[in-house]
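Notes to accompany the following structure.
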There are 2 protein chains.
Amino acid sequence: MSDLPFAEHDHTHCASGGLIHADRLAEEKGLRLTPVRRAALEILLSGHRAMGAYEVLDHLKNKGFGSQPPVAYRALDFLVENGLAHRVQRLNAFAACTQPSKHHRPVFMICRDCEQVAEAEADEVQETLINVAARADFEIERVNVEILGLCPSCKVDPA
Amino acid sequence: MSDLPFAEHDHTHCASGGLIHADRLAEEKGLRLTPVRRAALEILLSGHRAMGAYEVLDHLKNKGFGSQPPVAYRALDFLVENGLAHRVQRLNAFAACTQPSKHHRPVFMICRDCEQVAEAEADEVQETLINVAARADFEIERVNVEILGLCPSCKVDPA
DNA sequence: GTATTACACGTTACACTATAACGTGTCGAA
DNA sequence: TTCGACACGTTATAGTGTAACGTGTAATAC
Ligand SMILES: [Zn+2]
Ligand SMILES: [Zn+2]
Ligand SMILES: [Zn+2]
Ligand SMILES: [Zn+2]
């Protein structure tokens with residue numbers, strides 16, 4: 001996985017790597033990475049972009065799993081809970097985590113043109129958020145940081 | 001309006017102040033703050049919390065405006081576009097801006113217990129986001145920064 | 001003074017997103 | 001074996017958001 005979010009990369013590698021990591025994590029932490037959950041992750045990884053729950057559901061259906069919304073939502077919730085995927089609020093969508101090895105609070109960059117989503121590490125952002133919350137005596141549990149704009153490609157060629 | 005987001009304050013004052021500011025802004029910038037738009041802002045201000053579009057719509061209906069969803073969504077979109085309100089992604093809700101005098105990129109703190117939303121200035125956060133985007137050659141248009149957790153009250157007394 | 005254009009705002013109808021509630025099967029602990 | 005926890009499937013419904021169209025009004029163009 002590249003550190004440059006929108007850069008080209010070997011996608012088949014990062015997809016299989018994601019599954020391998022998930023398997024290992026499941027074993028280490030005793031998570032129940034059941035068939036439908038693993039399939040949901042595989043779908044997110046192969047799509048390699050933010051996908052809506054119903055889009056994931058379609059794929060799950062095709063693979064012989066349940067066909068009703070809760071099936072997808074529960075699998076996706078599991079993945080998010082365990083750091084294997086993230087929810088992208090702006091798009092009402094889910095994306096496989098591109099850096100699942102560390103528990104992190106990513107920043108998402110969402111291209112409004114091509115709808116690609118990139119996940120960036122940003123400890124510096126998190127530190128400032130901690131300060132903001134501290135000033136208000138607010139206890140942080142989760143954060144959601146999303147940047148909307150134009151990715152490098154679409155910036156040059158607004159097709 | 002207090003600088004301490006969750007602190008007590010004179011609400012009737014901040015509500016009427018919000019409307020006055022909106023009127024002035026409309027005149028200065030030639031915005032068309034029509035009756036339904038002004039009413040929507042008034043509703044958000046008087047509720048003094050994040051409200052769903054359908055909740056706003058109910059109030060608009062009661063005031064004699066249209067009763068269908070687009071009426072509310074269009075009015076709310078106008079307010080957001082012009083910095084008079086913000087959208088809170090996490091809650092699928094809208095909140096009147098508490099500091100509409102300056103064009104800003106706020107950070108929201110959302111209490112998961114009482115659902116109160118506080119808006120904080122955080123230039124330091126925005127600066128780090130600019131850096132993150134620059135490293136990815138991403139062009140920022142908007143940002144959404146939301147912190148989920150417990151407000152000072154609910155932290156002490158998890159009712 | 002009309003014609004044209006832009007836009008606000010109301011409607012109907014629909015699409016998309018998400019959850020509640022319940023029944024069944026499985027598996028490990030008591 | 002009996003219980004409790006949980007996963008996962010279902011049906012049904014709730015909640016959120018838009019597309020598309022018609023009307024009125026006001027500013028600009030001719
Ligand atoms: Zn991640
Ligand atoms: Zn793009
Ligand atoms: Zn604001
Ligand atoms: Zn609270």
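Order of the sequence lines fixes the chain letters, A, B, ..., with proteins taken first and strands second; residue numbering starts at 1 for each chain. Because the structure is predicted, anything quoted here is derived from the model rather than measured. The analysis underlying the following values was restricted to heavy atoms, covering all of them including side chains, and did not include hydrogens, waters or symmetry mates.
- Salt bridge status for K155(A) with E141(B): absent, with no side-chain N to carboxylate O gap under 4.0 Å.
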Between the protein and nucleotides 27-29 of chain D, which nitrogen or oxygen pairs are less than 3.5 angstrom apart?
none

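- Remark: the backbone N or O of R32(B) is paired with a side-chain donor or acceptor of R37(B) at under 3.5 angstrom.
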- B/S/- contact track for nucleotides 5-22 of chain C, protein heavy atom under 4.0 Å: ---SBBBB----BBBB--
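- Closest of all the heavy-atom pairs between F138(A) and L148(B) is CE2-C, 3.9 Å.
- By the criterion of side-chain heavy atoms lying less than 4.5 angstrom apart, applied directly or through intervening Ile, Leu, Val, Met, Phe, Trp or Tyr residues, L44(A) is grouped together with L33(A) in one hydrophobic cluster.
- With H11(B) contributing its side chain and H48(B) its backbone, the two residues share no donor-acceptor pair below 3.5 Å.
- A salt bridge is defined here as a Lys NZ or Arg NE, NH1 or NH2 lying under 4.0 Å from an Asp or Glu carboxylate O, and R105(A) with E127(A) fails to meet this definition.
- Ion pair K61(B)/D58(B) flagged as a salt bridge, since at least one NZ, NE, NH1 or NH2 atom sits closer than 4.0 Å to an Asp/Glu carboxylate oxygen.
- The CD atom of E81(A) sits 13 Å away from the P atom of dC6(D) (whole-angstrom rounding).
- Counting only residues at least two apart or on different chains, the side chain to side chain donor-acceptor pair (under 3.5 Å) pairs with a member in residues 83-93 of chain B are H86(B)-H104(B), H86(B)-E119(B).
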